[in-house]
Protein chains: 2
Amino acid sequence: MTNPTKRRPGRPGRPKKPVLRADLLSVARGAFAELGYSGASMNEIAGRAGIRKPSLFHHFVTKEALYIEAVGAALAPLGGLVAEAAMGTDGFWERLDLLGELVVDYLGGHPDTARLLVREVLDRGPFLNDGGQGVVRSILDGVGAFLEQGMDEGVFARGDSRHLTLSIIGVHLFYFSADPLSGAQISHSVFHPEEVESRKRAVVAHVRALVGTPGV
Amino acid sequence: MTNPTKRRPGRPGRPKKPVLRADLLSVARGAFAELGYSGASMNEIAGRAGIRKPSLFHHFVTKEALYIEAVGAALAPLGGLVAEAAMGTDGFWERLDLLGELVVDYLGGHPDTARLLVREVLDRGPFLNDGGQGVVRSILDGVGAFLEQGMDEGVFARGDSRHLTLSIIGVHLFYFSADPLSGAQISHSVFHPEEVESRKRAVVAHVRALVGTPGV
DNA sequence: GTCTATACATCGATAGAC
DNA sequence: GTCTATCGATGTATAGAC
């Protein structure tokens with residue numbers, strides 16, 4: 001065991017360049033989005049980041065802690081967008097369009113987010129109920145409250161805001177989470193800036209049409 | 001080892017009542033929908049079915065084979081619905097409404113299906129490209145072709161059928177795959193017959209609104 | 001057709017050298 | 001802060017008794 005003459009290859013030592021915590025979170029986000037929580041192992045994530053598994057455990061005490069921190073950072077901005085739109089001073093339709101554009105920009109600019117969010121919903125993960133007072137549920141409730149607000153103002157027909165909210169969220173999330181299925185017929189990825197602009201125009205029109213639906 | 005006098009508890013033997021293959025597939029479907037492919041172990045599935053792991057391997061040579069057979073049976077009927085609607089002789093709007101109602105009825109009547117299908121898309125599983133000539137892709141293409149047909153007939157404004165198709169599918173799938181998030185504000189599950197009827201009315205109205213969207 | 005027992009890989013997580 | 005080495009549990013899959 002304690003044989004100082006026999007040196008094994010790849011002996012430990014001082015790291016040339018310690019990896020940044022933010023880089024680890026980014027890599028983890030990609031792995032969780034691609035493989036899911038169960039499918040993404042700590043060994044896989046560490047390998048993608050260029051370090052070994054125990055080094056990853058040095059930065060995050062458990063796999064769950066890594067997941068919560070990685071996904072939480074990706075989801076938080078979405079709640080902010082909804083809250084901003086609901087508190088705006090413009091007319092309802094202007095705020096509705098703006099919210100749609102901001103969400104598409106965000107999901108289109110951060111390719112892991114929609115996939116992560118949908119996985120979280122399917123898995124009934126920690127962000128549905130507890131983690132940070134339920135980020136996912138707050139996003140959902142925020143959209144619902146925003147739509148109720150428009151109904152209260154008499155801007156559009158009163159309908160079932162719950163069905164409307166879930167349909168709108170479905171329109172937003174499925175498209176970006178289903179890549180490359182969504183982009184099967186186009187030349188470049190759905191996350192290409194040009195395609196994000198195209199989707200943005202479509203979503204704004206679609207959401208306007210949905211919200212204009214007579215109550216059912 | 002070979003001690004005939006010492007009998008262990010729970011020794012093997014003839015099964016009282018052999019489990020049916022269809023029951024195993026049903027149980028596996030539920031487990032894959034709930035836990036995902038990686039999260040659902042053969043041990044877990046066997047346990048839910050009331051047998052042991054090696055007995056499950058006797059019916060299905062690998063975990064992947066079990067998954068493919070279980071999910072394939074759940075997805076196939078959806079493709080049939082789309083194909084039927086596209087070939088109908090009624091007017092376009094009638095066929096559009098009927099397709100929406102049939103799909104909601106199917107997804108609402110088979111609680112695992114939407115969740116399985118969305119997981120398959122997120123995982124880029126075997127049904128996206130190969131398994132049975134790409135069931136998922138054929139469903140997507142079928143809806144797109146149906147919409148193009150309506151445009152060709154001049155029934156509604158020509159728009160981007162790709163965006164339209166993906167938005168409509170998002171409306172259908174997210175709602176049922178996000179249970180119980182979708183049913184957070186209602187008293188009973190989204191799969192309760194009464195709630196399925198409610199969703200059906202909403203979806204028909206939403207899809208009509210989406211399809212009536214001016215081209216973008 | 002079901003079982004016990006087991007092979008072998010990988011899982012999350014830890015110990016301790018450097 | 002990174003590493004090698006290892007732990008115990010669990011993963012897929014198999015052998016062979018009944």
Side-chain angles (χ1 to χ4, degrees), chain A residues 1-25 27-28 31-32 34-71 123 125-126, chain B residues 1-25 27-28 31-32 34-71 123 125-126:
Chain A
M1 272 306 207
T2 55
N3 187 344
T5 65
K6 197 170 207 170
R7 302 206 129 238
R8 283 72 143 278
R11 198 71 171 289
R14 286 256 98 91
K16 320 283 183 187
K17 185 170 61 78
V19 290
L20 295 172
R21 189 180 176 84
D23 293 336
L24 294 177
L25 287 171
V27 168
F32 285 131
E34 185 179 335
L35 306 166
Y37 181 79
S38 304
S41 72
M42 292 298 269
N43 198 36
E44 168 72 23
I45 296 170
R48 290 188 182 198
I51 60 176
R52 300 289 184 177
K53 184 170 52 168
S55 307
L56 184 55
F57 272 106
H58 173 79
H59 293 277
F60 306 93
V61 285
T62 61
K63 180 184 180 180
E64 189 178 359
L66 169 58
Y67 174 79
I68 289 179
E69 192 166 338
V71 180
D123 291 341
Chain B
M1 274 303 209
T2 54
N3 188 343
T5 65
K6 198 171 208 169
R7 300 206 129 238
R8 283 73 145 278
R11 199 68 172 289
R14 287 254 97 92
K16 320 282 182 188
K17 181 172 64 78
V19 290
L20 295 173
R21 188 181 177 86
D23 294 335
L24 295 177
L25 288 171
V27 167
F32 285 131
E34 185 179 334
L35 306 167
Y37 181 79
S38 305
S41 71
M42 293 297 270
N43 198 35
E44 167 73 22
I45 296 170
R48 290 187 182 198
I51 59 175
R52 301 289 183 179
K53 186 170 48 167
S55 307
L56 184 55
F57 272 106
H58 173 78
H59 294 276
F60 306 93
V61 285
T62 61
K63 180 183 178 179
E64 190 179 358
L66 170 58
Y67 174 80
I68 289 179
E69 192 165 338
V71 180
D123 290 342

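Below, chains carry the letters A, B, ... as their sequence lines are ordered, and counting in each starts from 1. Predicted model, so just to flag it, every value in this text is computed and none were measured.
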Rounded to whole Å, please give me the gap between [atom1] in [X] and [atom2] in [N].
| X | N | atom1 | atom2 | value |
| --- | --- | --- | --- | --- |
| B:Arg21 | C:dG1 | CZ | P | 10 Å |
| B:Leu66 | D:dA13 | CG | C1' | 14 Å |
| A:Ile45 | C:dA13 | CD1 | P | 11 Å |
| B:Glu44 | D:dA13 | CD | P | 17 Å |
| A:Met42 | D:dC3 | CE | P | 14 Å |
| B:Leu35 | D:dT12 | CG | P | 12 Å |
| A:Asp23 | D:dG1 | CG | C1' | 15 Å |

Could you pull out every donor-acceptor pair under 3.5 Å between side chains of residues 51-66 of chain B and any protein atom, sequence neighbours left out?
residue	atom	partner	partner atom	Å
B:Thr62	OG1	B:Ala65	N	3.1
B:Lys63	NZ	B:Tyr37	O	2.7
B:Lys63	NZ	B:Ala40	O	3.0

Requested in this report: Over all heavy atoms of both residues, which pair between B:Ala49 and B:Leu24 is shortest? Give the atoms and the distance, please.
Outcome: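 The answer is CB-CD2, 3.6 Å.
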Query raised in the report: Nearest heavy-atom pair of B:Ile45 and B:Ala31: which atoms, and what distance?
Result: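 Shortest heavy-atom separation between B:Ile45 and B:Ala31 comes out as CG1-CB, 3.8 Å.
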Query raised in the report: Taking atom OH of A:Tyr67 and atom CG of A:Asp123, what is their separation to the nearest 0.5 Å?
Result: 6.0 Å
**Report entry** Those residues of residues 51-65 of chain A lying under 4.0 Å from DNA chain D by at least one heavy atom
**Finding:**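 The stretch gives A:Ile51, A:Arg52, A:Pro54, A:Ser55, A:His58, A:His59 as the residues lying under 4.0 Å from the strand, ordered by number.
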Query raised in the report: According to the salt bridge (Lys or Arg N to Asp or Glu O under 4.0 Å) rule, which pairs have a member within residues 35-51 of chain A, sequence neighbours left out?
Result: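 Sorted pair list: A:Glu34-A:Arg48, A:Glu44-A:Arg48.
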Are any protein N/O atoms closer than 3.5 Å to N/O atoms in nucleotides 8-10 of chain C? If there are, list each pair with its distance.
none

